[in-house]
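Because only heavy atoms are used, hydrogens play no part in the values below, and waters and symmetry mates are left out as well, while side chains stay in. Keep in mind that this is a model prediction, so the values were computed, not measured.
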Amino acid sequence: MMIGRAPNFNAGPAAMPQSVLEHAAQEMTNYADTGMSVMELSHRSTAYEAIHDEAQAHVRTLYGLSDEYVVLFLQGGASTQFAMVPMHALTPQTHGAYVVNGSWGEKALAEARIVGNADVCASTKDGGYRTIRPWDAQWTNRAPAYVHITTNETIEGVQWSTEALPKHVDCPLIADMSSDLFSRPLDVRPFSLIYAGAQKNIGPSGVTLVIARKSFVDVPRPHVPTMLRYDTHIKANSLYNTPPTFAIYMMSLVLRWISDNGGLEAMDARSRQRAGHVYRAIDDSGGFYVGHADAHSRSQMNVTFRLPTPELEKQFLQEAKKQNFVGLAGHRSVGGIRVSNYNAVTEQAIDAVVSFMRHFCQMHG
Ligand SMILES: *Cc1c(COP(=O)(O)O)cnc(C)c1O
């Protein structure tokens, strides 16, 4: 039996802050003297409305959003945004341009192609998705309706560094930030639409956060089904139908926790430090551990690496399991090892896995 909390490196759903779970447990059966759990409240009640508003306010404050931006709580995961964006933004005459640096970018592209025209303006597939190429102004030469990027490729462990993100793009810029939103400060102004499933950095699965420029999204699209139209959710303040109230409540608590713990600067500094420990263990291993990402494209959120043989990887995971580490196997499509390092992963958990890595290397290297 597990004693206490597992060192959890799951890629999503992922570790949650312990204090948030305890807070939620405390008010599980009687939220704010309502005599009900949050999940029993009407989504039209004032008690729930306060939760909804607080979650939105945290998003606005953490990113310093102006009135030009709307914050939406949707369902269907980032995977539904793969379709909603092109359904909203493409016409038969226009195309979307996709920067593909990994598996999620590929999925976004494939979905857009079901809806309309989508081109690849850059892909690092030939190199095995190890690198992020710097922004190239030529990508907008063919006047796409938008350019789509994935700021952190969760499966391969490559990430746009904050410095590499474009400062200005002369067409709408869309970003899938599912696995790095709220992990670092960000100037949202170059972006027309940002989306993220909550289950990596900011909560449980079930709610998808969209931050979008009103002028880009608040446009009627009568040919698109009602639930898949952004203007539906803008008009209804994300209460058009029953929203995932409990997931939004948990997200609100996590966002409060981020605010109370130094905000995005602090999340960034701490995750950079934690990821640095793991990358150092890789770099100090004399080639026993081989990182997947090129040095300048390394993800602060998902550290991916291989061992010399599949047998050693299997043994690594078996011994890790014996020590109660959770979630260290790489994504089933790429194999290897992945240490996910989201906001709620503790320094102790990272220290423990780094000690384990160093010890395993000494024994088998
Ligand atoms: C997890 C993830 C997705 C898929 O999210 P769902 O909410 O499961 O649809 C998409 N993109 C990225 C970058 C992810 O990490």
Between [X] and [Y], is there a shared hydrophobic cluster once you connect ILVMFWY residues whose side-chain heavy atoms come closer than 4.5 Å?
| X | Y | result |
| --- | --- | --- |
| Ile132 | Val169 | yes |
| Leu312 | Val303 | yes |
| Leu173 | Trp160 | yes |
| Val224 | Tyr230 | yes |
| Leu72 | Leu228 | yes |

Tell me the closest heavy-atom pair linking [X] and [Y], and the distance in Å.
| X | Y | result |
| --- | --- | --- |
| Ser123 | Tyr129 | OG-CE2, 4.3 Å |
| Trp139 | Pro134 | CH2-O, 3.5 Å |
| Val207 | Ala247 | CG1-CB, 3.9 Å |
| Val339 | Phe9 | CG1-CD2, 3.7 Å |
| Ala198 | Met251 | CB-SD, 4.3 Å |
| Arg274 | Ile350 | O-CG2, 3.5 Å |

Quick one, [X] and [Y] - any side-chain contact, counting heavy atoms below 4.5 Å?
| X | Y | result |
| --- | --- | --- |
| Cys121 | Val99 | yes |
| Asn261 | Arg270 | yes |
| Ile258 | Asn343 | yes |
| Asn101 | Ile149 | no |
| Val345 | Ser340 | no |
| Phe246 | Leu41 | no |
| Arg306 | His292 | no |
| Val254 | Phe182 | no |

For atom [atom1] of [X], is the number of surrounding heavy atoms from other residues, nucleotides or ligands below 6.0 Å larger than 12?
| X | atom1 | result |
| --- | --- | --- |
| His359 | NE2 | no |
| Arg44 | CZ | yes |
| Gln138 | CD | no |
| Arg189 | CZ | no |

Sorted by chain and number, sequence neighbours left out, salt bridge (Lys or Arg N to Asp or Glu O under 4.0 Å) with Arg184 holds for Asp180
With side chain to side chain donor-acceptor pair (under 3.5 Å) as the criterion, how do Thr131 and His296 come out once you've worked through the C-alpha distance, each side chain's angles and the decisive distance to 0.1 Å?
CA-CA 8 Å; Thr131 198; His296 70 281; 3.2 Å; yes
Do side-chain atoms of [X] reach the backbone of [Y] as a donor and acceptor pair under 3.5 angstrom?
| X | Y | value |
| --- | --- | --- |
| Thr61 | Ala57 | yes |
| Ser161 | Ala164 | yes |
| Asp218 | Ile234 | no |
| Thr124 | Gly127 | no |
| Thr304 | Glu156 | yes |
| Arg229 | Pro220 | no |
| Ser179 | Asn152 | yes |
| Asn30 | Gly35 | yes |
| Gln199 | Gly206 | no |
| Tyr31 | Ala47 | no |

If you round to the nearest 0.5 Å, how far is [atom2] of [Y] from [atom1] of [X]?
| X | Y | atom1 | atom2 | result |
| --- | --- | --- | --- | --- |
| Asp119 | Arg113 | CG | CZ | 7.0 Å |
| Ile194 | Met177 | CD1 | CE | 4.0 Å |
| Met36 | Thr29 | CE | OG1 | 12.0 Å |
| Arg5 | Met16 | CZ | CE | 9.0 Å |
| Asn201 | Leu181 | CG | CG | 7.5 Å |
| Thr151 | Met301 | OG1 | CE | 10.5 Å |

Please determine if [X] and [Y] form a salt bridge, counting it only when a charged side-chain N lies under 4.0 Å from a carboxylate O.
| X | Y | value |
| --- | --- | --- |
| Asp260 | Arg256 | no |
| Asp283 | Arg298 | yes |
| Glu68 | Lys214 | no |

Sequence neighbours excluded, the answer for side-chain contact (heavy atoms from CB on, under 4.5 Å) partners of Ala329 is Leu317
Whether the Asn302 and Gln159 side chains hold a donor-acceptor pair (N or O, under 3.5 Å, no angle test) is what I'd like checked.
no
Report yes or no: do His23 and Glu27 form a side-chain donor-acceptor pair below 3.5 Å?
yes
Using the rule given for side chain to side chain donor-acceptor pair (under 3.5 Å), can you reason through Gln18 versus Glu22, listing the C-alpha separation, both sets of side-chain angles and the distance that settles it, and then say yes or no?
CA-CA 6 Å; Gln18 170 127 356; Glu22 285 166 358; 2.9 Å; yes
Report the C-alpha separation of Tyr48 and His43 in whole Å, then their side-chain angles, then the decisive distance to 0.1 Å, and conclude whether the ring pair (Phe, Tyr, Trp, His ring centres under 6.0 Å) test is met.
CA-CA 6 Å; Tyr48 174 70; His43 62 294; 7.4 Å; no
Is the distance between the ring centroids of [Y] and [X] under 6.0 Å?
| X | Y | result |
| --- | --- | --- |
| Phe356 | Phe316 | yes |
| Tyr63 | Tyr69 | no |
| His52 | Phe73 | yes |

Would you sort out whether Tyr146 and Tyr98 count as a side chain to side chain donor-acceptor pair (under 3.5 Å), showing the intermediate values?
CA-CA 9 Å; Tyr146 60 84; Tyr98 282 73; 2.6 Å; yes
Name of the residue among Leu193, Val115, Leu74, Val210 meeting side-chain contact (heavy atoms from CB on, under 4.5 Å) with Met84:
Leu74
Checking side chain to side chain donor-acceptor pair (under 3.5 Å) for the pair Gln300/Tyr279: CA distance, chi angles, key distance, verdict?
CA-CA 10 Å; Gln300 231 169 282; Tyr279 284 120; over 6 Å; no
Aromatic plane relationship, Phe82 with Tyr195 - under 30° parallel, 30 to 60° tilted, over 60° perpendicular:
perpendicular
In the hydrophobic cluster built from side-chain contacts under 4.5 Å, what are the other members alongside Tyr240?
Met227
